[in-house]
**Student:** 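If you scroll down you'll find the structure; I have some questions about it.
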Amino acid sequence: MRVEIWSDIACPWCYIGKARFAKGLAGFAHRDEVEVVFRSFELDPNGAKGVTAPVLEMLARKYGRTLDEARAMEEHVAASARAEGLEYRTDGRDHGNTFDIHRLLHLAAARGRQEQLLDLAFRANFAEERSVFDPEVLLALAVEAGLDETEAREVLADESAYADRVRADEREAAELGANAVPFFVLDRRYGISGGQPAEVFTQALEQAWAGRETVETAPGAEACEPDGACAVPGA
């Protein structure tokens, strides 16, 4: 069975949702027969390359909140992340265009190192003092993930490299009706939206394996929408 996960490195619920899915997959009896593929989805596709803004300022502007209110929203997300055993810093992070990151992730996929690079990029963005929007940081993460430095540098320098694959993933997301991430598709028949609890993923995998027609999804699962808006229930 194949599971495809549309996500963006700038999406905190993708970071959290990936960890929850891994726990759900661990509880699935046929987990060794599941292939997981990560697909591209940009939260801010129209953002200028190389231009970043502090996450707290972006949230305050997007939701019409004060910086203190935006910080409280981030603390809610941080608590959810920490509950999954993930590190999460609420200050000092930037938000920007992630197209180059997605292109590099496709190179990593071609070299069998996609999940390694994705995990490192998530950790750098949400847990460490490393900006994934800095090309040199991104290159260092690629090397850390096991990619050849020269090849990775060439991909970053050529804006057309793997661009068609990123756009193809995004077209597929639109065709499947995905307007927020994370978005999970099981065998191209069953869809799950948002950072659902681990047990929901286990149930969905079991239902998909059994060939049922529908997958029940928990209401109100947190997700991130284009332009960087990330739902924070009750905020």
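Owing to the predicted nature of the structure, the values given are computational and were not obtained by experimental measurement. What you see below is based on every heavy atom in this structure, not just the backbone, and it leaves out hydrogens, waters and symmetry mates.
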**Student:** Would a distance-only check, ignoring hydrogens and angles, find a side-chain to backbone donor-acceptor pair under 3.5 Å from Arg103 to Val166?
**Tutor:**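 Here the side-chain-to-backbone pair does not exist.
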
**Student:** Are His102 and Ile9 close enough that some pair of their side-chain heavy atoms sits under 4.5 Å apart?
**Tutor:** no

**Student:** Please examine the side chains of Leu59 and Lys62, heavy atoms only from C-beta on, and report whether any two atoms are closer than 4.5 Å.
**Tutor:**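 No. Closest side-chain heavy atoms not under 4.5 Å.
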
**Student:** Which of these, Phe21, Tyr190, Phe38, sits in a ring-ring contact (aromatic ring centres under 6.0 Å, His included) with Phe184?
**Tutor:**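 When ring-ring contact (aromatic ring centres under 6.0 Å, His included) is applied between Phe184 and each of Phe21, Tyr190, Phe38, only Phe21 qualifies.
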
**Student:** Under the salt bridge (charged side-chain N to carboxylate O under 4.0 Å, His left out) rule, collect the residues that match up with Glu199, sequence neighbours excluded.
**Tutor:**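 So Glu199 forms no salt bridge (charged side-chain N to carboxylate O under 4.0 Å, His left out) with any residue.
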
**Student:** What distance separates Gln114 CD from Arg39 CZ, expressed to the nearest 0.5 Å?
**Tutor:**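 The CD atom of Gln114 sits 8.0 Å away from the CZ atom of Arg39.
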
**Student:** Any side-chain heavy atom of Ser80 sitting closer than 4.5 Å to one from Tyr88?
**Tutor:**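 In short, these two side chains do not touch, never coming nearer than 4.5 Å.
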
**Student:** Taking atom CG of Leu117 and atom CG of Leu105, what is their separation to the nearest 0.5 Å?
**Tutor:**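 Those atoms lie 4.5 Å apart.
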
**Student:** Report yes if the side chains of Glu87 and Phe126 come closer than 4.5 Å at any heavy-atom pair, otherwise no.
**Tutor:** no

**Student:** Does atom CD of Glu151 have more than 12 heavy-atom neighbours from other groups under 6.0 Å away?
**Tutor:** yes

**Student:** A side-chain contact here means heavy atoms from C-beta on lying under 4.5 Å apart; do Ser40 and His106 qualify?
**Tutor:** yes

**Student:** So, do Trp209 and Met1 sit near enough that their side-chain heavy atoms are less than 4.5 Å apart?
**Tutor:** yes

**Student:** Phe201 and Gly194: which non-hydrogen atoms are nearest, and at how many Å?
**Tutor:**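 Smallest interatomic distance, heavy atoms only, reads CZ-O, 4.0 Å.
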
**Student:** Please check: side-chain N/O of Asp94 versus main-chain N/O of Thr52, any donor-acceptor pairing under 3.5 Å?
**Tutor:**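 Absent.
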
**Student:** Could you tell me whether Arg111 and Asp148 have a side-chain N and a carboxylate O separated by less than 4.0 Å?
**Tutor:**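 Looking at Asp148 together with Arg111, the answer is no, because their closest N to O distance does not fall below 4.0 Å.
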
**Student:** Once you round to the nearest 0.5 Å, how far does CG of Asp32 lie from CG of Leu25?
**Tutor:** 8.5 Å

**Student:** Should Val3 and Leu205 count as side-chain neighbours, where that means a heavy-atom distance under 4.5 Å?
**Tutor:**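 Yes; the side chains approach each other to less than 4.5 Å.
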
**Student:** Decide salt bridge (charged side-chain N to carboxylate O under 4.0 Å, His left out) for Arg130 and Glu136; before the verdict, give the C-alpha distance in whole Å, the side-chain angles of both, and the deciding distance to 0.1 Å.
**Tutor:** CA-CA 10 Å; Arg130 302 170 78 185; Glu136 290 304 313; over 6 Å; no

**Student:** Would you please test Trp13 and Val77 for side-chain contact (heavy atoms from CB on, under 4.5 Å) and show each step?
**Tutor:** CA-CA 8 Å; Trp13 296 113; Val77 180; 3.9 Å; yes

**Student:** Can you give me the closest heavy-atom contact between Leu67 and Ala60, atom names plus distance?
**Tutor:**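 Minimum heavy-atom contact is CD2-CB, 4.2 Å.
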
**Student:** Keeping the roles fixed (side chain from Asn97, backbone from Phe99), state whether a donor-acceptor pair exists under 3.5 Å.
**Tutor:** yes

**Student:** Below 4.0 angstrom, N of the basic side chain to O of the carboxylate: do Arg167 and Glu170 qualify?
**Tutor:**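 Glu170 and Arg167: salt-bridged.
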
**Student:** In Å, rounded to the nearest 0.5 Å, how long is the span from CG of Leu43 to SG of Cys14?
**Tutor:** 6.5 Å

**Student:** Ignoring hydrogens, what is the shortest heavy-atom contact between Glu42 and Pro45? Give both atom names and the distance.
**Tutor:**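 For Glu42 and Pro45, the tightest heavy-atom pair comes out as O-CD, 3.4 Å.
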
**Student:** List the atom of Ala163, the atom of Glu159, and the distance in Å for their closest heavy-atom pair.
**Tutor:** CB-O, 3.6 Å

**Student:** Please check: side-chain N/O of Thr98 versus main-chain N/O of Ile101, any donor-acceptor pairing under 3.5 Å?
**Tutor:** no

**Student:** Between Arg113 and Glu144, does any side-chain N to carboxylate O distance fall below 4.0 Å?
**Tutor:** no

**Student:** Look only at the side chain of Trp6 and the backbone of Asp169, and say whether a donor-acceptor pair between them is shorter than 3.5 Å.
**Tutor:** yes

**Student:** With a 6.0 Å cut-off on the ring centroids, do Phe183 and Phe41 count as close?
**Tutor:** no

**Student:** A side-chain contact here means heavy atoms from C-beta on lying under 4.5 Å apart; do Leu104 and Tyr162 qualify?
**Tutor:**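 SC-SC contact between Leu104 and Tyr162 ruled out.
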
**Student:** So, taking the atom named CG in Leu120 and the one named CD in Glu115, what distance separates them when rounded to the nearest 0.5 Å?
**Tutor:**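 If I round to the nearest 0.5 Å, the distance is 10.5 Å.
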
**Student:** Assess whether salt bridge (charged side-chain N to carboxylate O under 4.0 Å, His left out) is satisfied between Asp119 and Lys18, documenting all intermediate values.
**Tutor:** CA-CA 9 Å; Asp119 284 340; Lys18 183 178 183 298; 2.7 Å; yes

**Student:** Could you tell me whether a side-chain N or O of Arg65 sits under 3.5 Å from a main-chain N or O of Ala70, the two making a donor and an acceptor?
**Tutor:** no

**Student:** Distance-only, no hydrogens or angles: does the Arg20 side chain make a donor-acceptor pair with backbone N or O of Glu84 under 3.5 Å?
**Tutor:** no

**Student:** Determine, for Glu4 against Arg188, whether the closest basic-nitrogen to carboxylate-oxygen distance falls under 4.0 angstrom.
**Tutor:**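 Salt bridge present between Glu4 and Arg188.
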
**Student:** How close do Phe122 and Asp8 get, counting heavy atoms only, and between which atoms?
**Tutor:**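 Result for this residue pair: CE2-O, 3.7 Å.
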
**Student:** If you measure from CZ on Arg31 to OG1 on Thr202, what distance do you get to the nearest 0.5 Å?
**Tutor:** 10.0 Å

**Student:** If every non-hydrogen atom of Gly96 is compared with every non-hydrogen atom of Asp44, which pair is closest and at what distance?
**Tutor:**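 What the structure gives for the nearest pair is O-CB, 4.4 Å.
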
**Student:** When you check the gap from the basic side-chain N to the acidic O, do Glu74 and Arg89 get nearer than 4.0 Å?
**Tutor:** no

**Student:** Are Met58 and Leu56 linked, directly or through intermediate hydrophobic residues, by side-chain heavy-atom contacts shorter than 4.5 Å (ILVMFWY only)?
**Tutor:**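 Looking at the clustering, Met58 is in a separate group from Leu56.
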
